[in-house]
There are 2 protein chains.
Amino acid sequence: MSLRNALLGVLSLREMSGYDIKRSFDHAVHFVWNAADSQIYRELRDMEKHELIVSHLVQQDGKPNKRVYRVTEHGLATLDEWLRSPAEAPFDKEPFLMRLFFMGRIDRDDAIRVLSERRDEIRALLAVASDRLEMYSDLSRTEHPEMLWWQVRLIKGFEHTQTAQLEWIDSLLDELRTQVERDHGTEVPGLMSED
Amino acid sequence: MSLRNALLGVLSLREMSGYDIKRSFDHAVHFVWNAADSQIYRELRDMEKHELIVSHLVQQDGKPNKRVYRVTEHGLATLDEWLRSPAEAPFDKEPFLMRLFFMGRIDRDDAIRVLSERRDEIRALLAVASDRLEMYSDLSRTEHPEMLWWQVRLIKGFEHTQTAQLEWIDSLLDELRTQVERDHGTEVPGLMSED
DNA sequence: ATGGCCATGTAAACGGTTACATGATTGG
DNA sequence: CCAATCATGTAACCGTTTACATGGCCAT
């Protein structure tokens, strides 16, 4: 039911069409949740059936018509109930860590490559996070200042934890590279800064 | 297919029954992956059909008989191919962070409770991690020293990143508590160390 | 006698992914 | 002219979770 909560959450900010929500997911909620369009549309219909949201059609010209959704009182109550409930258990599926668990099977060079790729991905995510943070600082005029407070903290937390993960990966890469140098010792001499 | 890879991984260490694997998941792989028994048994049968593993029945007395699985060459090749392939994308579903994203909706006291609970859970996980690390240091006699190296690094990485997350949550709790104090100002006076 | 360990499963439901379909408008 | 944007969906599939079933052994 996490997608349902995510949808209630974004609709609590303002009424939106499925398409708006998808864009919202792609840019703002992106660090935190994601879903395919088809899943969003299906879930919205289902939520309307359960009276968590209501919709009306909006006629448009030059563009396809759209169906705009708004949260009901019942929907808001459901959202808040979730927010107040005990948090989901942390950590149960971490494909990347699982992979490292068995990484001893393959060559150090391959391991180095896998880790480097992940390092680059994290750096890219951190860049996006830092952009987002700048964006937030521009936007002081919001309908929802309480929301902004949390969203800023969230991005900062994201930066903090991802930086920690980066540090760890970098230290692993260092260890692995010194092992490689030690291994083929003088055979392959001055090769200290390939990245 | 992540469960499949996890199963190939544990079976690459030694041959095991479904039940052994479940216990192995509960204790060692626990930080990294988890699965219900029913899913494990089903997946094992399916993997045998695909010739990634083979099994034989082991007669036991005093205990129910069991089916013990062993990885085939094809299974090992599949495992290694996965290990060498680009890593799964980081971060796409984080229910706890998503919750924080919308946390502005509820009272600070409720938010404090939710965060405190998570903080306690992380502390508990860190305690388990630290135990595991001690356990590993005792066990120098292993059939798979290369595996041990990675598993130790993995736990250390886990400690590192979870500690970072803890720091962040603690700082949030600090901020929230000072806000609460500021809010009902002198009304509720000496209330500085409820935890 | 009660509950935990050993051991393996079936069945149904749920949540999420992937592939595909449609079609008009706008900007480079 | 081509690609992107706007807009909504269907269908099939896959992986995971949950509930339930069975039954002997052993220790408290």
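All chains are named by letter (A, B, ...) in the order of the sequence lines, taking the proteins before the strands, and each is independently numbered beginning at 1. Only this structure's heavy atoms are used, side chains among them; waters, hydrogens and symmetry mates stay out.
An OP1 or OP2 oxygen of C/dT17 is reached within less than 4.0 angstrom by a side-chain nitrogen or oxygen of B/K93. Neither OP1 nor OP2 of C/dG15 sits under 4.0 Å from any side-chain N or O of A/Q39. The phosphate of D/dG9 has neither OP1 nor OP2 within less than 4.0 Å of any side-chain N or O from A/Y41.
When distances are taken from the side chain of A/R45 to each of D/dG9, C/dT18, D/dA7, the shortest belongs to D/dG9. When distances run from any side-chain atom of B/Q60 to the nucleotides C/dG16, D/dC6, C/dA7, the shortest one goes to C/dA7. The side chain of B/P64 lies closest to C/dC6, out of D/dT18, C/dT18, C/dC6. Of the candidates D/dG9, D/dT16, C/dA7, D/dT16 carries the atom nearest the B/L3 side chain, counting heavy atoms from C-beta on. Of the candidate nucleotides C/dC6, D/dT18, C/dT17, C/dT17 has the atom nearest to the side chain of B/D92.
In this structure, B/Y19 atom OH and D/dT22 atom C1' are separated by 15 Å, rounded to whole Å. Distance NE2 (A/H56) to P (D/dT8): 12 Å, rounded to an integer number of Å. Separating the CG atom of A/D61 from the P atom of D/dA7 is a distance of 12 Å, rounded to the nearest angstrom. The separation between B/K22 atom NZ and C/dT8 atom C1' is 14 Å, rounded to whole Å. Per the geometry, CD1 belonging to A/I40 stands 16 Å off P belonging to C/dG15, to the nearest Å. Between the CG atom of A/N34 and the P atom of C/dT18 there is a distance of 11 Å, given to the nearest Å. Atom pair A/D20:CG and D/dA7:P shows a separation of 6 Å (rounding to whole Å applied). Between the CG atom of A/D37 and the C1' atom of C/dG15 there is a distance of 16 Å, given to the nearest Å.
Within 4.0 Å (heavy atoms only), A/R23 reaches sugar-phosphate atoms of the nucleic acid but no base atom. Across all strands, A/S2 comes closer than 4.0 Å to no nucleic acid atom at all (heavy-atom distances).
Residues B/R108 and B/D183 are paired through a salt bridge, judged by an N-O separation under 4.0 Å between the basic side chain and the carboxylate. Under 4.0 Å is where a charged nitrogen must lie from a carboxylate oxygen, and between A/E43 and A/R4 at least one such pair does. A salt bridge is absent between A/R23 and A/D26: the closest approach of a Lys/Arg side-chain nitrogen to an acidic carboxylate oxygen does not fall below 4.0 angstrom.
In this structure, A/A36 and B/Y69 both approach DNA chain C, and ranking their closest nucleotides by distance from the 5' end singles out B/Y69.
In this model, a side-chain donor or acceptor of B/R42 finds a partner on the base of D/dT17 within 3.5 Å. With hydrogens and angles ignored, a donor-acceptor pair closer than 3.5 Å exists between the side chain of B/S38 and the base of D/dT18.
B/T72 and B/E51 share no side-chain donor-acceptor pair at under 3.5 Å.
Annotation: side chain of A/K66 is in contact with side chain of A/Q60 (closest heavy-atom distance under 4.5 Å).
With a 6.0 Å cutoff to the six-membered ring centre and a 45° limit on the axis angle, B/R84 does not count as a cation-pi contact of B/W82.
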